[in-house]
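Reminder, nothing fancy here: chain letters follow the sequence lines and each chain counts from 1. Small disclaimer: the values here were computed from a predicted structure and weren't measured.
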Amino acid sequence: MVEQKSGSNTIENSDSTHKITARNVNVFYDAKQAINDVSIDVDMENVTAFIGPSGCGKSTFLRTINRMNDTIPSARVEGDIRLDGQNIYDPAMDVVQLRARVGMVFQKPNPFPKSIYDNVAYGPKIHGLAANKGELDIIVERSLQRAGLWGEVKDRLSDSGTALSGGQQQRLCIARAIAVDPEVILMDEPCSALDPIATAKIEELIHELRGKYAIIIVTHNMQQAARVSQRTAFFHLGTLVEFGETSNIFTNPQETRTQDYITGRYG
Amino acid sequence: MTTNELLFLVFAFGLIAWFVGRARAASFINADTPIINSLPNYHGWFSCLWAIIPPIIFLIIWSNISPALVTDMVLANPEAASITADTFSRSAILSEARAVANGSNQALFQEGSEKLVPLYAEAQSYYNSIALVATILLIFAGGAFAYTRLKPNFRARSKVEKIVMLGLLLASLIAVLTTVGIVASLIFEAYRFVTLVSPIEFLFGTNWNPRDDIVAGEDNGYGAIPLFWGTIFIGAIIAMIVAIPFGLMSAIFLTQYSSPRFRSIMKPVLEILAGVPTVVYGYFAALTVAPAVRDFAVMVGFSNAASDNAMAAGIVMGIMIIPLVASMADDSIAAVPGAMRDGSLAMGATKSETIKKILLPAALPGVVGGILLAVSRAIGETMIVVMAAGYAANLTANPFASITTVTVQIVALLTGDQDFGSPHTLAAFALGLVLFIVTLLLNLVALRVVKKYREAYE
């Protein structure tokens, strides 16, 4: 379905300013094609939103960026995805290093059944980022502060992470992701299991984090995409229908399918 | 008529009642009442059950009390007054006379039983005719009661279902009541043992060499500590040193690394291992492993290694337990939410880091529960230790020595000619009670741990 490419989908030759450049990406689950020839660029200090109806492949595409699809035996990825110009599907690429650079926050908060402190310290420990307990303490405090959770948990760092509320758990997962100092943060519908107040806090947090990372957020909630992102990609049936400035996508979409989706005609 | 013939009679009448009830219900259906409350079959079952259940209950009770009634009647006869008063030979004479009267025995050996035969025959035919009359009365009373209740709007269906439910309840009660009965007999016999031998000697003594002539206040050789130690050493230490690492590692491999194809072959194979009769493990332990272990022990310098050593029994028992540990660990690891694993992998953890730091700690309660169940299975295991472990009650930590266990000693105490009231036999019950209490506690703790863990992830 190459002929369905929209204008913004045919960006040729990445220039080096893009953090992530994906070209002609196809993803298959066994014989079933889930992603069809998607090309996209993601920049630092930007929030990119992936929107689209359920099953359109936006989460699948997100998971190709840190190679989480490797954990699904039937999944196969074709095409070219580069992080700082380096092909992440190159056999020379260490997936452990890749995931340290590309952090991920999941749909349902998934803190480990460990203390709050150990949840955040998990990544720095396995990657050897702290030489001693003092440095680790600093990393944990800084990450929790950045995730806006420090004030709420600083007196009970040894409590279990699973004892927190849903919104707090999700911010803990964000703290955990930023503790290893990634460059890109992938968020797979991070607010879909949260109430509106917790959602507002996460969105605020995304605003604050934007200055340091490239953030990609998958969301079902179009208002959320409009609120938090600078660029929006609309996926439908495994293809990238339209990709551009968020303000343009929501006010002046080029494609009728995008228009229909954002006006609520389907999805 | 014997009880069996009476039962046959009851079922024959039950069949008739079924047809009668069904036909009666079918006759209700006519132009005025095209639909009756329950299908005719239910009316049939209702009549049938009413016709057979009361006489069956009667027959069950009767078969328990009628022998006593017959004997009483025989003994009431003046001719029976002459037989000996010695309890043992008296009951022998009576049971022989009864057997001849029943026709199940031909010859008479006991002095004085021949004159009782006609008395028995007479008494039995007297009570049998009472039973026959009572049975037929009950059949007809029940059947008639059911018949009068059949009406077009009679809810036969729900009545039958209630009876079926009662039947199911009874079936489940049988298992529970049997357990209660076994426990009660264990407690009762263990109590009798405690009245003979001091429980302090039994539970804390270290000398196991049971004597029949009990002297109060002296060491009678009933100190069970060497047996308890042997059981723990073989079942909970050596066997677990084998079973835990292998079981756990195979569970990790099967859940995390193996291809679905390999897993689909390996899991059934493991389950077959769990289904091998323990007596087969027993040969294996006694004939293959034990000599090999002894040779090895002699080679490394234990010149006194026994051929019935604890090591061989423990190793084979551990192998027997591997599937149990593996399948419990497999379940617990598989029950850890995938989100947890993904979270760790997405942090850049490798697979083995994820297993070590996330999956195993999260699955730990389930794994521990599985291990406790395995321990409880191992310490109750009999066949392997009977065949491969020793009979000598040594209190030693040398795995190449001959060490005995509780189950081996129970077998030893009950084998051969033993008077039921002797301290030997009663000691077996006391050992059984201790074993029962320990395995019960282990199972309770294990099930609680596993249940709590399940709740944590649901």
Can you tell me which portion of [X] sits under 4.5 Å from chain B's heavy atoms? Options are side chain, backbone, both or neither.
| X | answer |
| --- | --- |
| A:R176 | both |
| A:K125 | neither |
| A:Y122 | side chain |
| A:V105 | neither |

Check your understanding: What option among A:I126, A:L98, A:D94 has the most heavy-atom pairs under 4.5 Å with chain B?
Key -> A:I126

Check your understanding: Taking the side chain from A:H127 and the backbone from B:M347, do they hold a donor-acceptor pair closer than 3.5 Å?
Key ->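 Looks like yes, one N/O pair under 3.5 Å.
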
Review point. For the side chain of A:K114 and the backbone of B:K357, is there at least one donor-acceptor N/O pair under 3.5 Å apart?
Key: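 Side chain of A:K114 to backbone of B:K357: a pair is present.
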
Exercise for review: Work out which heavy atom in B:A346 is nearest to a heavy atom in A:N66; give both atom names and the distance.
Suggested key: CB-ND2, 4.2 Å

Check your understanding: Within a radius of less than 6.0 Å around OH of B:Y257, do more than 12 heavy atoms belonging to other residues, nucleotides or ligands occur?
Key -> yes

Check your understanding: Out of curiosity, B:L345 CG to A:R67 CZ, how far, rounded to the nearest 0.5 Å?
Key ->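 If I round to the nearest 0.5 Å, the distance is 12.5 Å.
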
Exercise for review: Select all residues of residues 69-77 of chain A having any heavy atom within less than 4.5 Å of some heavy atom of chain B, and report them by number, or 'none'.
Suggested key: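 Residues of residues 69-77 of chain A touching chain B at under 4.5 Å: A:T71.
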
Review point. Under a 4.5 Å heavy-atom cut-off, does chain A meet the side chain of B:S344, its backbone, both or neither?
Key: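 Both parts, backbone and side chain.
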
